[in-house]
Each structure stands twice: as C-alpha cells, then as structure tokens.
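These notes are about the structure you will find just below.
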Amino acid sequence: MSKLFEPITVNNVTIRNRTVVSAMVTGLCGADGMATEAFIAYHEAKAKGGWGLIIPEDYVVAPGVGGSKDLPGLYDDAQIPSHKELTDRIHVAGAKIVCQIYHAGRRISKDETGLEPVGPSAMKFAGGPWEISRELTVSEIEEIVEQFADAAVRAKKAGFDGVEIHGAHGYLLHTFNSPFSNKRCDEYGGSIAGRAKLSVDVVKRIREKVGPDFLVQYRISCEEGVPGALTIEEAKAIAILLEDAGIDLLHVSQGGDFNHVVSPSACEPKATYINNAAEMKKVLHIPVIGVGRINDPLIAEEILRSGKADMVTMARASLADPEFPNKAKEGRYQEINYCVGCLQGCTRGCLANPMIGHESEYDLSMVASPKNIFIAGGGIAGCEAAIVAATKGHKVTLFESTSKLGGQWLLACVPPGKADFTSLVAWQNVQLKKLGVEVRLKTPLTKALVEAEKPDVVLVASGSKPSIPPIPGVDQPFVVTASEILAGKINAGRNVVVIGGGSVGAETADHLAMHGSKVTIVEMRDKIAADESARPRKFLMERLEDAKVGLITSAQVLLIGRNAVYLERNGETIKLENVDNVVISTGSKAYSPLVEELNDCSCRVIAIGDANGVKDGRHNMEEAFKTALAL
C-alpha cells in the first residue's frame with residue numbers, strides 16, 4: 001500500500017494520503033444551511049478513520065438553489081461559524097476538507113425550495129419529475145458567478161482547505177457545458193468555449209477573490225450517457241480551459257440527466273469509470289481524482305501505480321466503513337466492512353453500516369449491566385444484532401440451524417453481478433470471532449434450551465419462508481422454489497418457467513439463463529423487477545434480453561399441469577408446454593414460531609429482521625442494529 005498512503009501536495013495543501021471521500025447528500029443540515037452536530041460528527045468519523053481528503057456535499061451558493069432544503073450553505077456570513085467548527089474538528093483528526101459549492105440549476109425542486117428550476121435553455125431535466133427550466137439571462141448568469149465567488153470566500157473564512165466547484169451530475173454548470181442541455185446562441189453557448197464560459201468565469205472570479213494560495217478544484221462529468229451529450233473528448237477540451245483558468249485539481253466523474261450512472265452498482269466492473277481520469281491526465285498538468293466503484297484498497301493501489309489517477313474517490317466505501325483507510329494501512333483487509341454496491345441507501349444511509357449518519361445520536365459504549373442474550377438465526381440481521389450487542393458488552397450466543405452463517409443473504413449473492421454481497425457475511429464472521437460471540441452452528445434454538453440456560457433476552461431472527469400461492473398443481477415434484485434453485489439444491493432442466501417477476505424471480509431467471517436453461521418469467525404486474533433499484537435493474541433487464549428470457553407480464557397462472565403451465569392474460573388462455581421445472585418466486589412470509597413458543601418464558605423475546613416482517617436487507621440491518629443498541 002505504498003502509493004495509496006503516500007502524501008500529496010496540491011497548491012500548498014498537503015494531504016496525508018490519496019484517499020478521497022466525495023460529496024454525498026446526507027440530509028443532516030437544516031433549511032438555514034448551518035452545520036449541525038450530526039453533520040459534523042458524520043464527517044469527523046471519516047477523518048478519524050484515516051481518510052485523506054473529505055468533500056462535504058452541495059453547499060448552496062444562494063438561498064433555495066439546491067435540490068432540497070436540508071443542504072449546507074455559505075451564502076451568508078452568519079453561516080461561517082458553524083462550518084468553522086466542522087473544519088476545525090476535521091483538521092484535529094488529521095484530514096483536509098474541501099467545500100463543494102453548487103447551484104442545482106434545472107434540478108432545483110420548486111416544491112421543495114420555492115424557486116423555479118433554471119438553466120442555459122428552456123428544457124426539462126430528463127432524469128426526474130422536474131418542470132421545464134427557465135432560460136437564464138446574461139445578467140442572472142453574471143450574478144451567479146459572483147455568488148460562487150462569494151461562497152468560496154466564506155469557505156476560506158470558515159477554515160476549508162479549498163473549494164470544489166460542482167460542474168457535474170446535471171447541475172447548473174454542467175448543463176452549460178453540455179451540448180445536450182445548452183442550446184444557447186449567445187456568448188454562453190454554441191462552441192465548446194462558449195458552453196464552458198460560465199465555468200471558466202466562475203473559476204477566474206473565485207481565483208481573483210480567494211488569491212493564488214487557496215485550493216480550487218472542479219468536479220466534471222465527462223460522459224453523460226445520453227445521445228447528443230457531452231463526451232470524453234469535449235470534456236478534455238473543457239478541462240484544459242479550466243486548468244488555464246486556474247484550477248489546481250480535477251475530480252473526474254460521470255453522469256448527467258440520467259443521474260444514476262453516477263453510482264455504479266454491484267453488477268458493474270470495479271473502477272468502471274477510471275479510464276476517464278486516465279484520459280484527462282493525458283492533457284492536463286494538474287493532479288486528477290478518479291472515481292467509479294472503487295471499494296477495495298487493492299484496486300485503489302493498482303489505479304495509482306498504473307498512473308491512471310493521482311487520488312482515488314471511494315465515497316460509498318466510506319459509508320460502509322469510515323475506518324477503511326486505517327484498516328487498509330495496517331493490512332487488516334478482512335476487518336474492512338466493504339461496500340456491496342446494493343444502492344439501497346448511499347445518500348441517506350448504508351445497508352452495511354446502520355451507524356452512518358447517526359454518529360452523534362447512537363452510543364456504542366459499554367453498558368453498565370451486561371445481559372445474557374440469545375439470538376435465534378444467523379442471517380445478516382441476527383449477526384448484526386450479535387455484533388452490536390457484543391460491542392456494547394453483553395454476553396451473546398448465536399444459534400444457527402444450518403452449517404454456516406448468512407441465511408438468505410447467501411442466496412442473494414448467487415445471481416450474476418452480486419458476488420460482492422458475500423463480503424458482508426465475511427465481515428460479520430470476522431467481527432463475531434473478534435468480539436467473542438459464541439456461535440453454535442447446526443443448533444436451532446429451542447424452548448428447552450432457553451429454559452435450561454435462562455437468557456435475559458432472546459432475539460428471534462429466524463427469517464422468512466417462501467410464500468407458495470394456491471395454484472392447482474403447485475405441489476408436483478417438478479415445481480420448486482427460487483430459494484432451492486439459488487441454494488444449488490435443484491439442478492433445473494432445459495425449459496423453465498419462473499412464476500413471479502419481482503427482483504428475486506428476475507434474478508433467479510438471470511441465474512438459470514446464465515447456466516443454460518431456456519427461461520420464461522410470468523408476472524402479474526405490468527413490469528418485471530419493479531422493486532429493483534434503477535441501476536441494477538437496467539443491467540438485469542439487458543441480460544435477460546440478451547439471454548432471450550421470455551417475459552410475460554399482466555398474466556395470472558391458472559394451473560400447473562403435467563409439464564405445462566396455463567395462464568390467463570387479457571382474457572386469453574396461454575399454454576406453456578414442455579416445461580421441465582416451474583420455479584415459484586411469489587414473495588416470502590415471516591417465519592417466527594419460536595416467538596409464540598416462548599410466550600410463557602420469563603425472558604424478553606423480540607423478533608427482528610424478516611421474522612418481524614419481510615423487508616429489504618438495509619431495513620433488516622437497521623432494525624437489528626437499533627434493537628441490539630437498546631438492550
């Protein structure tokens with residue numbers, strides 16, 4: 001790890017290593033733009049965790065010009081003191097901090113902030129429900145330049161080491177840079193130089209006001225992913241103009257109107273956008289920050305050694321584990337809680353780390369009177385509860401009926417593109433051992449054990465069971481569940497029908513198709529994988545199309561016959577013939593018989609995770625965390 005933890009100096013600012021936490025929306029500030037204790041503690045935890053450069057999110061340069069009301073701001077001198085406390089505490093922890101200043105432009109939410117969206121041209125933001133933006137006048141543009149510069153001056157007074165001008169992700173400056181959204185014919189449009197003029201003017205004016213010795217960096221989107229939009233070659237040309245205007249560092253991102261491309265999911269390659277940074281380095285003399293699903297210190301090291309970037313952004317990795325750099329520097333790779341790329345939280349929470357964003361609220365210090373706690377079920381919720389309870393000093397015994405921990409999360413790791421999900425269970429195993437939790441595998445918790453060993457509390461985390469619909473013929477031997485397929489218990493035949501096209505059914509179909517089956521999905525709703533996050537769903541649907549998986553929506557299964565499935569769709573009966581297997585994936589239901597069995601025991605009994613109602617992984621982890629914290 002020699003390169004990742006090598007210091008770098010940019011315009012008189014020496015950063016202790018090459019790790020970067022980029023700006024992510026937290027929702028931890030109020031409408032007044034002040035830095036709250038929750039906001040400060042959130043960033044302070046990362047500074048203490050060893051991150052080199054921290055960039056808090058979206059400081060609005062004027063009242064109401066953000067995408068929401070809960071953003072920090074530096075448009076008023078009265079806001080400076082609260083943010084000075086932030087920078088002071090970050091500096092005490094050894095990190096550097098740069099203030100990201102922005103104007104949301106077309107992504108202003110009128111319903112949220114009261115202002116209308118604005119942009120270079122009258123055009124709607126294509127990635128959301130916003131209304132058509134109003135075209136800015138030249139005098140308004142000139143006023144915005146001053147607002148950026150004044151915010152930079154306040155950032156300097158507040159103790160920030162620099163500012164990052166947000167020119168990416170579909171926000172105002174980006175929309176001026178982009179030919180997709182800028183249709184102007186005046187000095188702020190037309191050519192590359194015209195479209196880049198607003199950004200160049202902002203950089204020059206900031207440099208005039210803050211002086212030569214203050215770090216000024218720019219975040220750029222170099223690929224937008226929509227037809228007729230900004231490409232890497234145009235972005236490189238704009239970057240040259242920005243360097244000439246006076247920036248010290250370029251933060252190379254991606255995405256625009258379809259903003260989910262900013263955050264790659266688990267099914268996308270590691271460092272998927274890093275070649276954009278490498279391209280920028282070919283034409284610039286200043287350092288470049290690379291981004292794009294970099295969640296492993298070994299990948300970060302490889303990027304730096306290969307010369308593709310000078311620093312590496314690992315934003316979501318910092319959510320999953322604020323201590324990531326400290327652990328990596330010490331070679332404790334197995335103790336890192338890795339981001340799994342699930343996209344179930346990110347901007348306002350994290351599946352892998354329910355503590356994030358609550359650093360000032362949750363207390364993990366040792367309890368005065370430890371309890372004896374039994375946990376029934378070793379899925380991710382049961383393991384999370386065990387880890388938190390043991391961290392608090394309780395004596396914890398975890399019972400799991402099978403031979404290994406992970407529960408149904410192990411099944412979630414099986415479909416294509418989800419291998420990173422295994423890292424959560426691997427981390428939980430390490431933590432349980434480190435904390436001294438007694439784990440009894442192949443040992444279901446029973447009422448007899450509870451009565452014999454007399455715990456103070458029993459947490460029932462026994463998960464859920466597949467919900468089997470009352471379809472005639474569903475009890476035939478060739479009818480199986482998605483869980484049995486993903487667990488490798490059933491070797492599916494050539495022709496398979498999956499009943500249920502939610503995310504689990506669609507991912508099971510993807511898995512079957514990848515392994516040679518001809519698959520048809522039957523779904524009652526009008527959309528396949530409607531419950532899946534946008535980015536993973538995009539790639540899932542592409543894979544299903546490539547594998548020629550049949551998709552029958554708005555259909556009801558009438559009967560499972562002998563190697564056949566009968567459907568009703570729009571009043572028409574459809575027969576699917578020569579079916580080797582039918583896979584049921586029509587949801588799950590809570591499974592918690594132990595709760596009722598223990599209703600006359602003296603100990604406290606609490607159901608958590610799917611046993612307390614089926615939900616996604618993030619909410620199961622959050623519930624387990626909070627329950628164990630309160631014991």
Side-chain angles (χ1 to χ4, degrees), residues 11 23 32-34 55-67 71-81 83-84 98-108 113-121 133-177 181-182 184 186-189 193-220 238 241-248:
N11 192 357
D32 59 4
M34 303 288 188
I55 310 170
E57 87 273 7
D58 296 352
Y59 276 69
V60 292
V61 298
V65 301
L71 294 173
L74 279 173
Y75 50 82
D76 190 307
D77 288 350
Q79 295 163 327
I80 293 174
H83 297 286
K84 181 65 166 61
V98 164
C99 176
Q100 184 185 79
I101 51 179
Y102 103 128
H103 188 301
R106 290 191 303 162
R107 298 188 64 188
I108 291 173
T113 69
L115 295 187
E116 62 182 337
V118 294
S121 307
S133 61
R134 179 179 61 79
E135 181 175 310
L136 287 165
T137 66
V138 170
S139 62
E140 287 175 321
I141 293 170
E142 291 171 345
E143 182 183 3
I144 288 169
V145 171
E146 292 302 314
Q147 290 171 342
F148 269 93
D150 290 342
V153 170
R154 294 188 186 97
K156 187 174 183 179
K157 291 178 180 179
F160 284 94
D161 298 291
V163 291
E164 176 174 88
I165 302 163
H166 201 340
H169 306 164
Y171 298 123
L172 182 67
L173 301 189
H174 175 199
T175 58
F176 270 81
N177 291 339
S181 48
N182 187 342
R184 300 176 76 99
D186 62 4
E187 59 185 315
Y188 293 98
R195 285 187 271 114
K197 177 175 168 52
L198 173 55
S199 289
V200 168
D201 288 352
V202 167
V203 172
K204 287 181 176 179
R205 188 61 176 139
I206 286 175
R207 184 57 76 196
E208 288 174 4
K209 286 203 165 189
V210 300
D213 298 327
F214 191 60
L215 175 62
V216 177
Q217 64 188 53
Y218 188 98
R219 190 165 206 196
I220 190 170
I238 292 170
L241 294 173
L242 295 171
E243 181 180 32
D244 292 344
I247 65 169
D248 303 299

Can a donor-acceptor pair be found, under 3.5 Å and without considering hydrogens, that links the side chain of [X] to the backbone of [Y]?
X      : Y      : answer
Asn182 : Tyr188 : yes
Asp248 : Gln217 : no
His83  : Gly33  : yes
Gln100 : Glu57  : no
Arg219 : Ala168 : no
Ser133 : Ser121 : yes
Asn11  : Pro212 : yes

Does any part of the side chain of [Y], heavy atoms only, come nearer than 4.5 Å to the side chain of [X], both counted from C-beta?
X      : Y      : result
Arg184 : Ile141 : yes
His166 : Ile55  : no
Val153 : Val210 : yes
His174 : Arg106 : no
Lys157 : Leu74  : no
His103 : Val118 : yes
Tyr75  : Pro63  : yes

Quick check for you: to the nearest 0.5 Å, what is the distance between [X] atom [atom1] and [Y] atom [atom2]?
X      : Y      : atom1 : atom2 : answer
Ile165 : Ile206 : CD1   : CD1   : 3.5 Å
Lys197 : Ile238 : NZ    : CD1   : 14.5 Å
Leu136 : Leu198 : CG    : CG    : 8.5 Å
Thr175 : His169 : OG1   : NE2   : 13.5 Å
Glu140 : Thr137 : CD    : OG1   : 3.5 Å

I'd like to know if Arg205 and Asp150 make a salt bridge, using a cut-off of under 4.0 Å between side-chain N and carboxylate O.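 Result for this pair is no, no salt bridge flagged.
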Taking atom NZ of Lys209 as the centre, report whether more than 12 heavy atoms of other residues, nucleotides or ligands fall under 6.0 Å from it.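 Counting neighbours around NZ of Lys209, more than 12 heavy atoms of other residues, nucleotides or ligands fall under 6.0 Å, so yes.
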Side chain to side chain contact (heavy atoms under 4.5 Å, CB included) with Glu143: which residues, sequence neighbours excluded?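 Scan of Glu143 (side chain to side chain contact (heavy atoms under 4.5 Å, CB included), adjacent residues dropped) gives Gln147.
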Qualifying residues under side chain to side chain contact (heavy atoms under 4.5 Å, CB included), relative to Ala104, sequence neighbours excluded: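 Once residues adjacent in sequence are excluded, the partners of Ala104 under the side chain to side chain contact (heavy atoms under 4.5 Å, CB included) criterion are Tyr102, Arg107, Ile108, Tyr171.
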Nearest atoms (heavy-atom pairs only) where [X] meets [Y]:
X      : Y      : answer
Ile101 : Ala151 : CG2-CB, 4.1 Å
Tyr218 : Ser199 : OH-OG, 2.7 Å
Val98  : Pro56  : O-CD, 3.1 Å
Ala196 : Leu241 : CB-CD1, 4.0 Å
Ala152 : Phe214 : O-CE2, 4.1 Å
Arg134 : Glu116 : NE-OE2, 2.7 Å

For the pair Thr113 and Val65, evaluate side-chain contact (heavy atoms from CB on, under 4.5 Å) and give the outcome as yes or no after the intermediate values. CA-CA 7 Å; Thr113 69; Val65 301; over 6 Å; no
Yes or no on side-chain contact (heavy atoms from CB on, under 4.5 Å) for Glu187 and Val138, after CA distance, side-chain angles and deciding distance? CA-CA 9 Å; Glu187 59 185 315; Val138 170; 4.1 Å; yes
Taking ring-ring contact (aromatic ring centres under 6.0 Å, His included) as the test, write out the residues that go with Phe148, two or more places apart.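 Listed in chain order: nothing, the list is empty.
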